[in-house]
Amino acid sequence: MLTYIIRRILYAIPIVIGVNLLTAILFFYVNTPDDMARKILGEKNVTPAAIENWKADHGYNLPTFLNTKEESIGKVTQTIFFQKSVPLFWFDFGRSDRNNIDIGNEIKTRMWASLAISVPMFILGIYVDLFIAMMLAYYRGTYLDLWGLIIGVVMMSVSTLFYIIGGQFIFGKVLKLFPISGYDTGLHSIKFLILPVIIGVISSAGAGIRFYRTVFLEEMNKDYIRTARAKGLSEGKVLFKHALKNSMIPILTNVVVSIPFLFYGSLIMETFFAIPGLGNFTIEAIQAQDFAIVRSMVYLGSILYIIGLILTDISYTLVDPRVRFE
Amino acid sequence: MPVILATDLIVFFLIAMAVYFAIGSRKEGTIKTAWHELRKNKLAMLCLAILSVYVALATMDSIRWRDAILEESGKAALTPDGAIIYSPQALSVLDRVFSNIRTNTEKTYSTPLSSRQYSKESVEKPDGTIVRDYPILKYPGTHLFGTDKVGNDVFFIALKGVRTGIVIGAGTTIIIIPFAIFFGVIAGFYGGLIDDIVQYIYTTLSSIPGVLLIVSFMLLFGTSGYQGGLLSELNIRLGFFVPNERLFWLCVILGITSWTDLCRLIRGETLKLRELEYVQAAKAFGVGKLSIISRHIVPNVMHLVLITFVLQFSGLVLAEAVLSYIGIGVGPEMGSWGNMINTARLELSREPVVWWNLLAAFIFMFGLVLPANIFGDAVRDALDPRLRYR
């Protein structure tokens with residue numbers, strides 16, 4: 001098992017390097033530091049001296065990949081790539097281009113706000129989706145199932161933006177049940193979190209329910225289920241004890257990969273509800289065109305995804321003894 | 001003088017693809033069997049009809065030309081060299097058909113089908129007294145979805161969003177199809193080092209979260225270019241083809257982030273096809289590798305292309321709205337439902353509430369995405385029921 005995990009992590013290393021190289025090419029080569037300086041200093045009235053100054057201040061006054069002026073090892077280390085991208089490997093994110101804030105520090109503090117909204121949304125979402133999907137699978141072929149499916153497709157076809165705007169309008173503005181947006185620390189944050197969590201669960205329910213329902217139905221057609229029924233087990237027991245356990249593999253593929261992403265929160269939810277998490281941080285950086293932050297967030301997002309893939313593989317081996325560690 | 005945008009080509013290609021599959025449905029083969037299956041499904045056929053209306057609207061909005069500027073005498077204005085001067089505005093067939101509602105603008109907000117403005121103004125009565133009242137509109141009762149802040153007809157704006165929605169939903173997949181087929185097939189067919197490289201590329205690309213990759217690309221390339229409205233000096237000089245279109249770049253970038261799924265599917269299918277008897281037989285007869293690929297492999301992965309196309313469609317239309325909200329979608333002058341939602345959001349917090357912008361965007365978007373979802377499911381079930389479980 002341990003060797004399997006180690007091999008899986010080693011396998012991820014080239015991908016991490018690839019992501020880092022790709023972001024470096026995009027952010028330093030395609031979009032040169034000169035472009036960056038021009039965008040940040042404003043398009044007009046930028047003197048070449050001002051650009052050089054800005055680059056020197058932010059450490060962009062080096063060649064991109066190879067410094068021919070330096071001696072031996074300096075050829076590689078005295079470059080933008082080595083100074084800015086390589087430290088990402090040990091999660092040293094550096095400082096932002098605009099306000100010179102410590103990105104790593106910012107990530108550490110903002111992470112908690114993201115988790116506060118994404119964890120309840122995630123857990124509640126899975127429970128609601130699984131519960132409804134099981135109910136539909138239990139009553140398969142009836143009108144309840146049919147209408148459940150129709151409502152599912154309809155819910156899938158509405159943009160998240162409508163759920164958020166509609167929810168804020170109805171619950172926040174008309175009924176005044178919850179504050180429209182905002183955030184507080186500690187237990188006071190709960191009243192701000194209820195609405196985004198509910199909206200998040202509803203907006204993803206359509207796709208989730210449909211997916212889990214097909215997973216269950218596929219299991220329900222298998223021989224062992226027929227055997228379980230034949231030996232006189234109640235339908236509920238068949239569903240919860242046999243079908244649910246065996247449906248875990250497709251469910252895990254869907255679920256485990258997104259666990260690391262909980263740190264990241266949700267771009268849209270956080271901006272609409274003014275929750276100071278990482279998603280909000282990213283959107284602010286995009287709007288301010290702060291490339292150092294966007295680059296860090298792209299890298300962080302990829303790392304979380306890769307961790308998610310590794311976790312998925314490991315969880316397979318835990319739920320399905322047939323999966324071998326080859 | 002005709003003007004062709006880069007995304008117009010996508011719409012034309014979409015129609016060509018529809019014709020290709022329509023012809024395919026007449027010949028023997030998978031497409032015919034699937035079509036037969038599909039035709040029995042009345043709901044799917046209804047959805048196809050609705051989708052066709054949308055595509056027809058998008059096509060009308062993709063054929064455009066610039067009019068000559070007329071002098072007061074009614075003759076075309078000429079440059080000193082004697083060439084005709086054309087207006088920098090390229091109007092599409094849709095603009096011309098709905099010319100009335102396009103040009104019948106009011107001063108500011110008005111509710112759907114109302115005859116009066118939404119806000120009070122000083123109005124002069126026939127007897128000369130001035131009172132604060134809701135002024136009567138210039139074109140009362142004609143605005144199906146009311147008018148927006150500057151008095152434009154909301155129904156027409158939503159109608160202009162149709163083309164953007166169709167282009168994003170269809171164009172993104174159309175652009176990636178050749179790449180996905182090429183890389184997927186060579187990876188699956190040749191295996192070995194090529195397979196490793198292709199797999200490495202798509203794993204790396206897909207491990208960057210889609211939204212973030214789109215954001216970085218858009219920040220770096222996509223912020224300039226033609227965004228609807230008047231043509232720039234540069235484009236007028238370039239002639240009738242407009243290659244530097246922001247919407248087109250958005251499609252390309254969305255394509256880069258979404259080609260991996262199709263590529264992975266095609267690779268898997270090719271791996272399976274490669275071992276089948278008829279491919280082995282072709283090999284034994286000494287048929288070249290390229291002809292095996294073009295004759296036996298590619299036609300047999302086309303159903304995956306079609307399935308991915310219909311299944312990705314609705315997600316991409318929804319994604320456009322989100323991207324426009326973040327501010328990296330299509331430009332503000334290009335009609336799009338995302339832009340409408342974006343403005344409507346602020347209008348909901350004003351007093352009294354302006355709700356019809358949001359309603360129009362909702363109806364048009366829902367009217368496209370719901371049939372696309374239902375039709376997509378039906379196509380997948382007809383072509384490859386096994387994929388239902390993926």
Side-chain angles (χ1 to χ4, degrees), chain A residues 12 14-19 21-23 26-27 30-31 35 39 150 153-154 156-162 164-166 168-169 173-174 180 206-207 210 214-215 217-218 250 261 264 267-268 271-272 279 282-283 285-287 289 291 294-295 297-306 308-309, chain B residues 43 196 199-201 203-213 215-221 223 314-315 317-322 324-328 337-338 340-342 344-345 347-349 351 353 355 358-359 361-362 365-374 376-377 386 388-390:
Chain A
I15 296 171
V16 174
I17 296 174
V19 168
L21 263 177
L22 185 71
T23 46
L26 271 179
F27 283 93
V30 179
N31 183 63
D35 298 336
K39 269 181 190 151
I150 293 173
V153 182
V154 170
M156 264 173 76
S157 306
V158 177
S159 167
T160 323
L161 298 175
F162 287 116
I164 299 175
I165 296 173
Q168 278 185 328
F169 185 71
K173 200 175 172 198
V174 179
I180 292 181
R210 266 165 45 104
T214 38
V215 169
L217 282 187
E218 197 199 2
F261 263 95
Y264 211 103
L267 295 181
I268 313 291
T271 32
F272 266 100
T282 315
I283 299 269
I286 291 166
Q287 273 150 5
Q289 301 210 322
F291 293 99
V294 177
R295 189 166 47 86
M297 296 315 280
V298 168
Y299 181 76
L300 182 68
S302 324
I303 297 297
L304 293 175
Y305 180 78
I306 294 166
L309 286 183
Chain B
L43 185 61
D196 287 341
Q199 276 199 69
Y200 175 70
I201 292 174
T203 322
T204 306
L205 267 181
S206 68
S207 63
I208 300 178
V211 180
L212 289 174
L213 194 58
V215 164
S216 352
F217 273 115
M218 270 324 258
L219 272 184
L220 302 180
F221 311 114
T223 41
S314 54
V317 176
L318 294 177
E320 185 271 325
V322 171
S324 292
Y325 168 71
I326 305 179
I328 50 168
W337 300 320
M340 285 176 82
I341 298 171
N342 208 354
R345 188 175 154 246
E347 289 168 352
L348 276 186
S349 52
E351 283 300 333
V353 173
W355 44 268
L358 191 68
L359 180 81
F362 176 78
M365 223 169 144
F366 188 65
L368 176 61
V369 175
L370 181 67
N373 270 333
I374 297 174
D377 284 353
R386 281 170 305 139
R388 195 183 307 190
Y389 305 119
R390 281 193 194 161

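Numbers restart at 1 for each chain; the letters A, B, ... are given by sequence-line order, proteins then strands.
- Closest of all the heavy-atom pairs between A:Ser157 and B:Asn373 is OG-ND2, 3.0 Å.
- Counting heavy-atom pairs under 4.5 Å between each of A:Met297, A:Arg295, A:Arg210 and chain B puts A:Arg210 at the top.
- Neither the backbone nor the side chain of B:Ser314 has a heavy atom closer than 4.5 Å to any heavy atom of chain A.
- For B:Leu358, the parts lying under 4.5 angstrom from a heavy atom of chain A are both the backbone and the side chain.
- Side chains of A:Val294 and A:Ile286 form a contact here, defined as non-hydrogen atoms less than 4.5 Å apart.
- Donor-acceptor pairing under 3.5 Å is recorded for the side chains of B:Ser324 and B:Glu320.
- Contact of A:Tyr299 with chain B is not made at all, since no heavy-atom distance falls under 4.5 Å.
- Side-chain contact between A:Met156 and B:Val369 is absent, with no heavy atoms from C-beta onward closer than 4.5 Å.
- With a threshold of 4.5 angstrom between heavy atoms, B:Val353 approaches chain A through side-chain atoms but not through N, CA, C or O.
- Most heavy-atom pairs under 4.5 Å with chain B, from the set A:Ile303, A:Leu304, A:Val154, A:Ile17: that is A:Val154.
- Using a 4.5 Å cut-off between heavy atoms, A:Ile268 touches chain B through its side chain atoms alone.
- Per-residue heavy-atom pair counts under 4.5 Å with chain A were compared for B:Ile201, B:Val317, B:Leu368, B:Asp377, and the maximum is reached by B:Asp377.
- Neither the backbone nor the side chain of B:Asn342 comes within less than 4.5 Å of any heavy atom in chain A.
- The two residues B:Ile341 and A:Phe162 come nearest to each other via the heavy atoms CD1-CZ, 3.6 Å.
- Residues forming a ring-ring contact (aromatic ring centres under 6.0 Å, His included) with A:Phe272 (at least two apart in sequence, or on another chain): B:Tyr325.
- Shown here are the ring-ring contact (aromatic ring centres under 6.0 Å, His included) partners of B:Phe366, two or more places apart in sequence or in another chain: B:Phe362.
- Residue A:Thr282 touches chain B through its side chain alone, counting heavy-atom pairs closer than 4.5 Å.
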